[in-house]
Amino acid sequence: MDYKDLANLIFPNSKDISYYEEKYKNRNLDEGAIVTRFAPSPTGFVHLGSLYQVVVARKVAKQTNGVFFLRVEDTDQKREIENGVTGIIESLKDFGLTPDEGMKDEINEIGNYGPYKQSLRKEIYESYAKYLLEQGKAYPCFATPEELEEMRQKQEAAKIRPGYYGVWAKYRNLSVEEAAEKIKNGDSYIIRLRSEGKEDRKIKHHDVIKGNVDFPENDQDIVIIKADGLPTYHFAHAIDDHLMQTTHVIRGDEWLSSVPLHLQLFQMLGFKAPKYAHIAPIMKEDEGGKRKLSKRKDPEAAVSYYTEIGVPKEAVIEYLLNIANSSFELWRKQNPNTSINEFELQLNKMSVSGALFDIVKILDIAKTVISKYSAEKIYEETINWAENYDKELLELLENKEYALKVFGIERGNAKPRKDIAKWSDVKENIEYMYDNKFYEKELEYDYQKIIDKDLIKKILKLYIEKYYNENDDKQMWFDKIKDLAEEVGFAREVKEWKQEPEKWPGHVGDISTVLRVALTSKSNTPDMYEIMQILGKEKVFKRLEKAMEVLNK
RNA sequence: GGCCCCUUGGUCAAGCGGUUAAGACAUCGCCCUUUCACGGCGGGGACAUGGGUUCGAUUCCCGUAGGGGUCACCA
């Protein structure tokens, strides 16, 4: 009996690997085209760090006319949740980061290199496991969990490197006959790699992001097929990325230390290894220290957080791009209106250590992004958001024509306002333009500099009776406010007043403030002329009268 | 603990043997302005630390400290 017989005993019906090697033809891509993938476990939750990887992986594929695909790594049934794949796909869709091939929903997929769901690739892994068994590069291991635990404890007590290797690899040197007998006996087993590595030898590896890294070779006889018949991550990675012809494995740097193993796997299977790019994690400040942004502790770790609070997807992506390549910021400054597709991302310029997450920065980017939107676009985006998260806002925006006017205030010019960072800011921002919201609560007026009630009343009364005319253009409108200022003894021009402040009790700006506060109950609003135009004479008067009424109390 | 990686202002970061050590966010001040934003100008603020190597180290080497990752039949 030899290795081949043992392999046949374990996997009697597996196809020869040549079947798969031929089935998956070479991708017909341009020279230099990069093939990348996103390979999540279907837990449904997409972490900001994962989105970061997707942005990077998809970008480098796109900019080289390559392929970006989605592979679902569901080899751990214990962790799987219902509709996990859908959750991931929906999140990617929310950010406009749909893959070229791979899973489209829980069951359907597109592409010629599938299945793209690992649990459906069981036969493939078995063929390759058999291939290794035939050559004695893998073997069945009958160690029970208890046995392994005992081994670990001994190793710990003796303060030696833990693991299944060397003399500790109890079933490594079992004869084929002994192994076959145990199998026939019904003993349970898993398949391990018969590692050829030596711990005292170093391998040199060049990571696209991390640069040159030296590691000891892997000498652990790691599990390749688990008791449930599914492969471990490592084995599946080698086979899938070979068959799917991934050129660049872009993943989190928690995998960096597995590189020696992965390289070894590729080598023992006779595959050409892909390039690796290990991305540093996004960190979070915590009690003076840093830690990875955590799914459990940090709401902002979930990408759904951004759709919930209404940060535009472009802003999130731009932020991520900015972390990836800081040159993006400069590029954006020089190309304020260019699509990010034009930006060339360089993997080797990525930071090797993890950046602290900065919500202030992301919101700043969001403000800039939104400031470039048209009123129409803002209206649509706000409606989309409000449909899911704020019914009251949705009602407010029912009158589209009016809403467009409100969103159009000081927008579309060279220096647009930057006061909306997320759609959840909108309501507070526009409420006062709606009478039903405006009169809803007890109105408070803080007239700032002018505190004399009689003077305020006089200003409001004069404005209503003498100066306001809704047909005035902006210049005329403002000239009239100046006239009003003059009539109550204030300076017409701020400049004049600044030169001789003792000459007047105040200036036209103070008068404007009174009108503004009476009109909106806020001291900070955008252009008051536009506000009055949109509100119209009737509402303007009603509001000013209301302010006088409150003053009379 | 073993192995691996990292360490430039509050944060993200350029620079990689000779620089007044960029820029962005944040912060502060001034200007613009009918308010607030926007915009413009300016200020404060950094090469973890100790040794080398060198005419010269933020840049190269070694140690120390600090941070991160990893050591599963999880990915």
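Lettering of chains follows the sequences in order, A, B, ..., and the numbering in each one begins at 1. This structure is a prediction, so every number in the text was calculated from the model and none was measured.
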Worksheet item: Taking the six-membered ring of A/Y467, is NZ or CZ of A/K480 closer than 6.0 Å to its centre and within 45° of its axis?
Response: no
Worksheet item: In terms of side-chain heavy atoms of A/R516, which of B/U34, B/C4, B/C6 is nearest?
Response: B/U34
Worksheet item: For the rings on A/F343 and A/F328, is their centre-to-centre separation under 6.0 Å?
Response: yes
Item to complete: For nucleotides B/A13 and B/A26, find the distance between their C1' atoms and express it as a whole number of Å.
Response: 14 Å
Discussion item. Once side-chain hydrogen bond (donor to acceptor under 3.5 Å, both in side chains) is applied, do any residues pair with A/E431, and if so which ones, sequence neighbours excluded?
Written reply: none
Worksheet item: How would you list, by chain and number, every residue that makes a side-chain hydrogen bond (donor to acceptor under 3.5 Å, both in side chains) with A/N83, sequence neighbours excluded?
Response: none
Practice prompt. Check side-chain hydrogen bond (donor to acceptor under 3.5 Å, both in side chains) between A/K170 and all other residues, then give those that pass, not counting sequence neighbours.
Written response: A/E147
Extract from the structure each pairing of a protein N or O with an N or O of nucleotides 11-13 of chain B at less than 3.5 Å, listing the distance.
| unit_1 | atom_1 | unit_2 | atom_2 | d |
| --- | --- | --- | --- | --- |
| B/C12 | OP1 | A/L356 | N | 3.2 |
| B/A13 | OP1 | A/S351 | OG | 3.4 |
| B/A13 | O3' | A/S326 | OG | 3.4 |
| B/A13 | O2' | A/S326 | OG | 2.9 |

Discussion item. Please report the distance separating the C1' of B/C47 from the corresponding atom of B/U7, rounded so that it comes out in whole Å.
Written reply: 10 Å
Extract from the structure each pairing of a protein N or O with an N or O of nucleotides 38-44 of chain B at less than 3.5 Å, listing the distance.
| unit_1 | atom_1 | unit_2 | atom_2 | d |
| --- | --- | --- | --- | --- |
| B/G39 | OP1 | A/K418 | NZ | 3.1 |

Practice prompt. Select from A/F215 and A/S257 the residue whose nearest nucleotide in RNA chain B is closer to the 5' end of that strand.
Written response: A/F215
Item to complete: Specify the separation, in whole Å, of atom CG of A/D446 and atom P of B/C36.
Response: 13 Å
Worksheet item: Can you tell me how far C1' of B/A37 sits from CD1 of A/I430, to the nearest Å?
Response: 17 Å
Item to complete: Only stems of 3 or more consecutive Watson-Crick or G-U pairs count here, both distances under 3.5 Å; name the ones for RNA chain B, or none.
Response: B:1-7 with B:65-71, B:10-12 with B:23-25, B:27-31 with B:39-43, B:48-52 with B:60-64
Practice prompt. Counting heavy atoms from C-beta on, name the nucleotide in B/G69, B/C3, B/C5 closest to the side chain of A/K292.
Written response: B/G69
Item to complete: Have a look at A/D510 and say if it touches a base, only the backbone sugar-phosphate, or nothing, with a 4.0 Å heavy-atom cut-off.
Response: nothing
Enumerate the protein-to-nucleotides 72-75 of chain B contacts in which both atoms are nitrogen or oxygen and the separation is below 3.5 Å.
| unit_1 | atom_1 | unit_2 | atom_2 | d |
| --- | --- | --- | --- | --- |
| B/C73 | O2 | A/A227 | N | 2.8 |
| B/C73 | N4 | A/A143 | O | 3.2 |
| B/C74 | OP2 | A/K226 | NZ | 3.2 |
| B/C74 | O2' | A/D76 | OD2 | 2.9 |
| B/C74 | O2 | A/R79 | NH1 | 3.2 |
| B/A75 | OP1 | A/T75 | OG1 | 2.8 |
| B/A75 | OP1 | A/K226 | NZ | 2.8 |
| B/A75 | OP2 | A/Y233 | N | 3.2 |
| B/A75 | O3' | A/E73 | OE1 | 2.9 |
| B/A75 | O2' | A/S41 | OG | 2.7 |

Item to complete: Taking atom P in both B/C6 and B/G39, compute the distance separating them and give it to the nearest angstrom.
Response: 38 Å
Worksheet, complete the sentence: Residue set satisfying salt bridge (charged side-chain N to carboxylate O under 4.0 Å, His left out) with A/K333, at least two apart, ordered chain then number -> none
Item to complete: Check whether the ring centres of A/F438 and A/Y432 lie less than 6.0 Å apart, and answer yes or no.
Response: no
Worksheet item: What residues, two or more places apart in sequence or in another chain, satisfy ring-ring contact (aromatic ring centres under 6.0 Å, His included) together with A/Y128?
Response: A/F271
Worksheet entry | Ring centre gap for A/H237 and A/F235 strictly below 6.0 Å | no
Item to complete: Would you please name every residue forming a side-chain hydrogen bond (donor to acceptor under 3.5 Å, both in side chains) with A/R296, sequence neighbours left out?
Response: none
Response to the item:
Which of B/C4, B/C6, B/U34 is nearest the side chain of A/L256? It is B/C4
Fill in: Cation-aromatic face contact A/R192/A/Y139, 6.0 Å, 45 degrees
no
Item to complete: Please list, chain by chain and in numerical order, all residues satisfying salt bridge (charged side-chain N to carboxylate O under 4.0 Å, His left out) with A/K372, sequence neighbours excluded.
Response: none
Item to complete: Establish, for the pair A/K482 and A/W477, whether the NZ or CZ atom is under 6.0 angstrom from the six-membered ring centre and no further than 45 degrees off its axis.
Response: no
Practice prompt. Please list all pairs passing the salt bridge (Lys or Arg N to Asp or Glu O under 4.0 Å) test where one or both residues lie in residues 317-330 of chain A, with sequence neighbours left out.
Written response: A/E318-A/R332, A/E329-A/K361
